[in-house]
Amino acid sequence: MTRPPGDAPGAPAPRWSVPGTCRICPSILSADFGRLAEEIAAVEAAGADFIHVDVMDGQFVPNLTFGPIVVAGIRTMTRLPLDVHLMIVDPLRHLPAFADAGADHVIVHVEAVDDPGAAARAIRARGLRSGLSVKPGTPVERLIEALPDCDVALVMTVEPGAGGQAFLPGSPDRIAAVRRAVVSRGLDCLVEVDGGIDVRTAPLAARAGADAFVAGHSIFHASNPGGAVRALRAALAGAGAAEARP
Ligand code: DX5
Ligand code: ZN
(Lines give C-alpha, C1' and ligand atoms only; values in the text may rest on other atoms or scores of the structure.)
(Ligands and ions follow the chains in the order given, each with its own letter.)
Protein backbone atom coordinates (compact mmCIF):
# COMPACT_ATOMS: atom_id res chain seq x y z
CA MET A 1 0.00 0.00 0.00
CA THR A 2 1.21 3.50 -0.68
CA ARG A 3 2.34 5.53 2.29
CA PRO A 4 0.11 8.49 3.22
CA PRO A 5 1.58 11.83 2.09
CA GLY A 6 3.79 13.51 4.67
CA ASP A 7 5.08 10.36 6.34
CA ALA A 8 8.80 10.17 6.99
CA PRO A 9 10.57 7.79 4.61
CA GLY A 10 11.59 4.63 6.43
CA ALA A 11 9.00 5.07 9.20
CA PRO A 12 6.73 2.06 9.67
CA ALA A 13 3.44 2.54 7.86
CA PRO A 14 0.76 3.45 10.42
CA ARG A 15 -2.30 1.26 10.64
CA TRP A 16 -5.09 2.45 8.40
CA SER A 17 -7.92 0.92 10.39
CA VAL A 18 -7.53 1.78 14.06
CA PRO A 19 -9.42 -0.33 16.58
CA GLY A 20 -11.90 1.85 18.44
CA THR A 21 -11.82 4.58 15.79
CA CYS A 22 -14.92 5.43 13.78
CA ARG A 23 -14.79 7.21 10.43
CA ILE A 24 -17.80 9.37 9.56
CA CYS A 25 -18.39 9.83 5.84
CA PRO A 26 -21.10 12.29 4.80
CA SER A 27 -22.61 11.34 1.44
CA ILE A 28 -23.11 14.41 -0.73
CA LEU A 29 -25.93 12.65 -2.59
CA SER A 30 -28.29 14.32 -0.12
CA ALA A 31 -26.52 17.70 -0.06
CA ASP A 32 -27.85 20.90 -1.57
CA PHE A 33 -25.81 21.13 -4.79
CA GLY A 34 -26.56 24.84 -5.05
CA ARG A 35 -24.49 25.32 -1.88
CA LEU A 36 -22.23 22.29 -2.11
CA ALA A 37 -18.96 23.98 -1.05
CA GLU A 38 -20.68 25.44 2.02
CA GLU A 39 -22.26 22.09 2.92
CA ILE A 40 -18.93 20.28 2.61
CA ALA A 41 -17.14 22.95 4.66
CA ALA A 42 -19.71 22.54 7.42
CA VAL A 43 -19.24 18.78 7.75
CA GLU A 44 -15.46 19.10 7.46
CA ALA A 45 -15.42 21.67 10.28
CA ALA A 46 -17.57 19.32 12.37
CA GLY A 47 -14.97 16.56 12.11
CA ALA A 48 -16.11 14.39 9.21
CA ASP A 49 -13.38 11.99 8.10
CA PHE A 50 -14.12 11.36 4.40
CA ILE A 51 -16.48 12.86 1.82
CA HIS A 52 -18.49 10.04 0.22
CA VAL A 53 -19.31 10.54 -3.45
CA ASP A 54 -21.95 8.32 -5.07
CA VAL A 55 -21.43 7.79 -8.79
CA MET A 56 -24.41 6.16 -10.57
CA ASP A 57 -24.68 5.42 -14.28
CA GLY A 58 -28.36 4.59 -14.88
CA GLN A 59 -27.35 0.99 -15.71
CA PHE A 60 -25.85 -0.67 -12.63
CA VAL A 61 -28.52 1.23 -10.71
CA PRO A 62 -31.49 3.08 -12.25
CA ASN A 63 -30.43 6.49 -10.99
CA LEU A 64 -27.93 8.78 -12.68
CA THR A 65 -25.68 11.16 -10.75
CA PHE A 66 -22.29 12.50 -11.80
CA GLY A 67 -18.89 11.63 -13.16
CA PRO A 68 -15.22 12.60 -12.91
CA ILE A 69 -15.73 16.27 -13.82
CA VAL A 70 -17.89 16.79 -10.76
CA VAL A 71 -15.45 14.79 -8.59
CA ALA A 72 -12.69 17.15 -9.75
CA GLY A 73 -14.85 20.09 -8.68
CA ILE A 74 -15.48 18.56 -5.26
CA ARG A 75 -11.71 17.98 -4.94
CA THR A 76 -11.23 21.76 -4.87
CA MET A 77 -13.74 22.17 -2.03
CA THR A 78 -12.12 20.05 0.68
CA ARG A 79 -8.90 18.56 1.99
CA LEU A 80 -10.72 15.45 3.22
CA PRO A 81 -10.19 12.16 1.38
CA LEU A 82 -12.81 11.55 -1.32
CA ASP A 83 -14.44 8.15 -0.85
CA VAL A 84 -15.76 7.50 -4.36
CA HIS A 85 -18.43 4.78 -4.56
CA LEU A 86 -18.86 3.62 -8.15
CA MET A 87 -22.30 2.15 -8.79
CA ILE A 88 -21.53 1.68 -12.48
CA VAL A 89 -20.98 -1.13 -14.95
CA ASP A 90 -17.43 -1.79 -16.11
CA PRO A 91 -15.97 0.42 -13.35
CA LEU A 92 -12.30 -0.21 -14.14
CA ARG A 93 -12.76 1.43 -17.53
CA HIS A 94 -13.30 4.70 -15.66
CA LEU A 95 -10.66 4.21 -12.95
CA PRO A 96 -8.03 6.46 -14.58
CA ALA A 97 -10.54 9.29 -14.95
CA PHE A 98 -11.61 9.11 -11.30
CA ALA A 99 -7.98 8.82 -10.15
CA ASP A 100 -7.06 11.90 -12.20
CA ALA A 101 -10.09 13.74 -10.80
CA GLY A 102 -8.69 13.39 -7.27
CA ALA A 103 -10.43 10.35 -5.80
CA ASP A 104 -8.57 8.94 -2.78
CA HIS A 105 -10.57 5.75 -2.31
CA VAL A 106 -12.28 4.04 -5.23
CA ILE A 107 -14.95 1.50 -4.31
CA VAL A 108 -16.38 -0.82 -6.95
CA HIS A 109 -19.15 -3.37 -6.63
CA VAL A 110 -18.29 -7.06 -6.57
CA GLU A 111 -21.38 -7.53 -8.79
CA ALA A 112 -19.88 -5.25 -11.45
CA VAL A 113 -16.55 -7.04 -11.95
CA ASP A 114 -15.49 -10.57 -12.90
CA ASP A 115 -12.66 -10.78 -10.37
CA PRO A 116 -13.08 -8.57 -7.28
CA GLY A 117 -9.54 -9.22 -6.03
CA ALA A 118 -8.03 -8.21 -9.37
CA ALA A 119 -10.21 -5.08 -9.43
CA ALA A 120 -9.01 -4.10 -5.95
CA ARG A 121 -5.40 -4.67 -6.97
CA ALA A 122 -5.91 -2.48 -10.04
CA ILE A 123 -7.16 0.34 -7.79
CA ARG A 124 -4.14 -0.02 -5.47
CA ALA A 125 -1.86 -0.05 -8.49
CA ARG A 126 -3.06 3.52 -9.18
CA GLY A 127 -1.86 4.49 -5.68
CA LEU A 128 -5.40 4.69 -4.30
CA ARG A 129 -7.16 2.98 -1.41
CA SER A 130 -9.12 0.09 -2.83
CA GLY A 131 -12.72 -0.62 -1.93
CA LEU A 132 -15.17 -3.39 -2.74
CA SER A 133 -18.87 -3.14 -2.08
CA VAL A 134 -21.56 -5.78 -1.83
CA LYS A 135 -25.29 -5.32 -2.42
CA PRO A 136 -27.73 -6.67 0.20
CA GLY A 137 -28.77 -9.61 -1.99
CA THR A 138 -25.25 -10.81 -2.81
CA PRO A 139 -23.52 -13.34 -0.53
CA VAL A 140 -20.90 -11.49 1.53
CA GLU A 141 -18.47 -14.32 0.77
CA ARG A 142 -17.85 -12.69 -2.60
CA LEU A 143 -16.41 -9.69 -0.76
CA ILE A 144 -14.73 -11.74 1.96
CA GLU A 145 -12.64 -13.76 -0.48
CA ALA A 146 -11.09 -10.55 -1.86
CA LEU A 147 -10.46 -8.86 1.51
CA PRO A 148 -6.64 -9.17 1.40
CA ASP A 149 -6.62 -6.75 -1.57
CA CYS A 150 -9.07 -4.38 0.01
CA ASP A 151 -8.67 -1.23 2.14
CA VAL A 152 -12.42 -0.57 2.45
CA ALA A 153 -15.01 -3.36 2.66
CA LEU A 154 -18.33 -1.64 2.02
CA VAL A 155 -21.40 -3.55 3.17
CA MET A 156 -24.48 -1.94 1.64
CA THR A 157 -27.19 -1.64 4.27
CA VAL A 158 -29.82 -0.61 1.68
CA GLU A 159 -30.27 -1.48 -1.98
CA PRO A 160 -27.88 0.90 -3.78
CA GLY A 161 -29.35 3.62 -5.95
CA ALA A 162 -31.01 6.18 -3.73
CA GLY A 163 -30.64 8.06 -0.47
CA GLY A 164 -33.19 8.17 2.31
CA GLN A 165 -34.00 4.44 2.53
CA ALA A 166 -34.37 2.41 5.75
CA PHE A 167 -31.45 0.35 7.14
CA LEU A 168 -32.10 -3.30 6.28
CA PRO A 169 -32.54 -5.49 9.37
CA GLY A 170 -30.38 -8.33 7.99
CA SER A 171 -27.38 -6.00 7.85
CA PRO A 172 -25.75 -6.60 11.27
CA ASP A 173 -25.16 -10.31 10.54
CA ARG A 174 -23.51 -9.46 7.21
CA ILE A 175 -21.34 -6.76 8.82
CA ALA A 176 -20.33 -9.22 11.55
CA ALA A 177 -19.30 -11.85 9.00
CA VAL A 178 -17.01 -9.35 7.27
CA ARG A 179 -15.56 -8.11 10.57
CA ARG A 180 -14.83 -11.70 11.69
CA ALA A 181 -12.95 -12.33 8.44
CA VAL A 182 -10.93 -9.11 8.82
CA VAL A 183 -9.97 -9.97 12.40
CA SER A 184 -9.26 -13.65 11.83
CA ARG A 185 -6.91 -12.86 8.94
CA GLY A 186 -5.30 -9.90 10.71
CA LEU A 187 -6.18 -7.53 7.85
CA ASP A 188 -5.93 -3.74 7.93
CA CYS A 189 -9.26 -2.94 6.27
CA LEU A 190 -12.13 -0.64 7.17
CA VAL A 191 -15.60 -2.16 7.41
CA GLU A 192 -17.83 0.56 5.99
CA VAL A 193 -21.63 0.68 5.99
CA ASP A 194 -23.81 2.72 3.65
CA GLY A 195 -27.54 3.30 3.69
CA GLY A 196 -30.04 4.32 6.34
CA ILE A 197 -27.30 5.26 8.83
CA ASP A 198 -28.38 7.63 11.61
CA VAL A 199 -27.98 7.99 15.37
CA ARG A 200 -30.16 4.91 15.92
CA THR A 201 -28.72 2.53 13.32
CA ALA A 202 -25.02 3.53 13.45
CA PRO A 203 -24.60 1.98 16.92
CA LEU A 204 -26.21 -1.27 15.67
CA ALA A 205 -23.74 -1.36 12.79
CA ALA A 206 -20.83 -0.48 15.10
CA ARG A 207 -21.68 -3.26 17.53
CA ALA A 208 -21.72 -5.67 14.58
CA GLY A 209 -18.21 -4.53 13.60
CA ALA A 210 -18.48 -1.49 11.32
CA ASP A 211 -15.91 1.27 11.75
CA ALA A 212 -16.79 3.62 8.85
CA PHE A 213 -20.25 5.12 8.50
CA VAL A 214 -21.65 6.70 5.35
CA ALA A 215 -24.64 8.94 5.97
CA GLY A 216 -26.47 11.15 3.50
CA HIS A 217 -30.01 11.91 4.52
CA SER A 218 -29.40 11.99 8.28
CA ILE A 219 -26.62 14.57 7.85
CA PHE A 220 -27.58 16.80 4.92
CA HIS A 221 -31.32 16.81 5.52
CA ALA A 222 -30.76 17.83 9.14
CA SER A 223 -31.25 21.51 9.92
CA ASN A 224 -27.57 21.65 10.95
CA PRO A 225 -25.36 19.17 9.03
CA GLY A 226 -22.34 19.90 11.24
CA GLY A 227 -24.42 19.18 14.32
CA ALA A 228 -25.59 15.93 12.71
CA VAL A 229 -21.97 14.80 12.24
CA ARG A 230 -21.25 15.50 15.91
CA ALA A 231 -24.46 13.73 16.97
CA LEU A 232 -23.50 10.66 14.96
CA ARG A 233 -20.06 10.56 16.59
CA ALA A 234 -21.61 11.00 20.03
CA ALA A 235 -24.06 8.17 19.34
CA LEU A 236 -21.16 5.91 18.33
CA ALA A 237 -19.18 6.87 21.43
CA GLY A 238 -22.24 6.22 23.57
CA ALA A 239 -22.60 2.80 22.00
CA GLY A 240 -19.10 1.86 23.10
CA ALA A 241 -17.45 2.62 19.78
CA ALA A 242 -14.66 5.05 20.65
CA GLU A 243 -14.73 8.51 19.16
CA ALA A 244 -10.95 8.82 18.88
CA ARG A 245 -9.76 9.89 15.45
CA PRO A 246 -6.54 8.98 13.67
C1 DX5 B 1 -27.06 4.74 -1.91
C2 DX5 B 1 -25.74 5.44 -1.70
C3 DX5 B 1 -25.56 6.05 -0.39
C4 DX5 B 1 -26.57 7.09 -0.01
C5 DX5 B 1 -26.87 6.86 1.42
O6 DX5 B 1 -27.02 4.00 -3.06
O7 DX5 B 1 -24.66 4.55 -1.91
O8 DX5 B 1 -24.24 6.53 -0.19
O9 DX5 B 1 -26.14 8.40 -0.19
O10 DX5 B 1 -27.89 7.69 1.75
P11 DX5 B 1 -28.69 7.64 3.11
O12 DX5 B 1 -27.70 7.85 4.22
O13 DX5 B 1 -29.66 8.75 2.95
O14 DX5 B 1 -29.34 6.28 3.20
ZN1 ZN C 1 -22.61 5.23 -1.33
In terms of hydrophobic clusters joined by side-chain contacts under 4.5 Å, are L147 and L128 together? yes

In chain order, what residues pass the side chain to side chain donor-acceptor pair (under 3.5 Å) check against N63, with sequence neighbours excluded? none

Under a 4.5 Å side-chain heavy-atom rule over Ile, Leu, Val, Met, Phe, Trp and Tyr, are V108 and I144 clustered together? yes

Please list, one pair per line, the donor and acceptor atoms closer than 3.5 Å that link side chains of residues 89-98 to other protein atoms, with sequence neighbours excluded.
| unit_1 | atom_1 | unit_2 | atom_2 | d |
| --- | --- | --- | --- | --- |
| D90 | OD2 | R93 | NE | 3.3 |

Measure the spacing between CG of L80 and CZ of R75 and express it to the nearest 0.5 Å. 8.0 Å

Going through the distances and angles, do V43 and F220 end up as a side chain to side chain contact (heavy atoms under 4.5 Å, CB included)? CA-CA 9 Å; V43 295; F220 288 112; 3.9 Å; yes

Hydrophobic cluster membership, with links at side-chain heavy-atom distances under 4.5 Å among I/L/V/M/F/W/Y: are M156 and V152 in one? yes

Is there a path of hydrophobic side-chain contacts, each under 4.5 Å between heavy atoms of I/L/V/M/F/W/Y residues, joining V55 to V106? yes

Give the cluster check for V193 versus V61: same hydrophobic cluster or not, with ILVMFWY residues linked at side-chain heavy-atom distances below 4.5 Å. no

For the pair R129 and D83, find out whether any cationic side-chain nitrogen is under 4.0 Å from an anionic carboxylate oxygen. no

Enter the distance from N224:CG to I219:CD1 here, rounded to the nearest 0.5 Å. 11.0 Å

Using only atom types and a distance under 3.5 Å, with no angle test, would you say the side chain of E111 pairs donor to acceptor with the backbone of K135? yes

If you measure from CG on L232 to CD1 on I24, what distance do you get to the nearest 0.5 Å? 4.5 Å

Looking at M56 and G161, what are the two nearest heavy atoms and their distance? SD-O, 3.3 Å

Report the C-alpha distance between T157 and L168 in whole Å, list the side-chain angles of each, state the deciding distance to 0.1 Å, and finish with yes or no for side chain to side chain contact (heavy atoms under 4.5 Å, CB included). CA-CA 6 Å; T157 45; L168 290 169; 5.7 Å; no

Run the numbers on V53 and V70 for side chain to side chain contact (heavy atoms under 4.5 Å, CB included), then give the verdict. CA-CA 10 Å; V53 183; V70 175; over 6 Å; no

Run H85 and L154 through side chain to side chain contact (heavy atoms under 4.5 Å, CB included) and show every step you take. CA-CA 9 Å; H85 178 191; L154 173 54; 3.8 Å; yes

Quick check for you: to the nearest 0.5 Å, what is the distance between C150 atom SG and I123 atom CD1? 8.0 Å

For residues 219-231, the salt bridge (charged side-chain N to carboxylate O under 4.0 Å, His left out) pairs (sequence neighbours left out) are none

D57: which residues meet the salt bridge (Lys or Arg N to Asp or Glu O under 4.0 Å) condition with it, sequence neighbours left out? none

Counting C-beta onward and ignoring hydrogens, is there a side-chain heavy-atom pair between I175 and L204 closer than 4.5 Å? no

To check you understand the geometry: which heavy-atom pair defines the closest contact between F213 and A202, and what is its length? CE2-O, 3.5 Å

With sequence neighbours left out, the residues meeting salt bridge (Lys or Arg N to Asp or Glu O under 4.0 Å) with R126 are D100

At what distance, to the nearest 0.5 angstrom, does OG of S130 lie from CD1 of I107? 9.5 Å

Do you know the tightest heavy-atom contact between S17 and P19? O-CD, 3.8 Å

Tell me the salt bridge (charged side-chain N to carboxylate O under 4.0 Å, His left out) pairs involving residues 62-73, sequence neighbours left out? none

Measure across L143 and V110 and return the closest heavy-atom pair with its distance rounded to 0.1 Å. CA-CG1, 4.2 Å

Treating R23 as the side-chain partner and D49 as the backbone partner, does any N or O pair qualify as donor plus acceptor under 3.5 Å? no

Which pairs would a plain distance check flag for residues 25-37, meaning a side-chain donor or acceptor within less than 3.5 Å of a matching protein atom at least two apart in sequence or in another chain?
| unit_1 | atom_1 | unit_2 | atom_2 | d |
| --- | --- | --- | --- | --- |
| S27 | OG | L29 | N | 3.4 |
| S27 | OG | D54 | OD2 | 2.7 |
| S30 | OG | H217 | N | 3.3 |
| D32 | OD1 | G34 | N | 2.9 |
| R35 | NE | E38 | OE2 | 3.3 |
| R35 | NH1 | E39 | OE1 | 3.4 |
| R35 | NH2 | E38 | OE2 | 2.8 |

Between V199 and A231 the two heavy atoms that sit nearest each other are CG1-O, 3.7 Å

Non-hydrogen atoms of V178 and A153 that approach each other most closely: CG1-CB, 3.9 Å

Within the structure provided, determine whether P136 and P160 are in side-chain contact (heavy-atom separation under 4.5 Å). yes

Set of residues satisfying side chain to side chain donor-acceptor pair (under 3.5 Å) with respect to T201, sequence neighbours excluded: D198

Residues at least two apart in sequence or cross-chain that pass ring-ring contact (aromatic ring centres under 6.0 Å, His included) with F167, listed by chain then number, are none

Side chain to side chain donor-acceptor pair (under 3.5 Å) pairs, two or more places apart, involving residues 114-123: R121-D149

Could you work out, with side chain to side chain donor-acceptor pair (under 3.5 Å) as the rule, every residue matching S133, not counting sequence neighbours? H109

Look at the side chain of W16 and the backbone N and O of D151, then say whether any donor-acceptor pair between them is shorter than 3.5 Å. yes

What salt bridge (charged side-chain N to carboxylate O under 4.0 Å, His left out) pairs are there with at least one residue in residues 166-195, not counting sequence neighbours? R15-D188, R179-D211

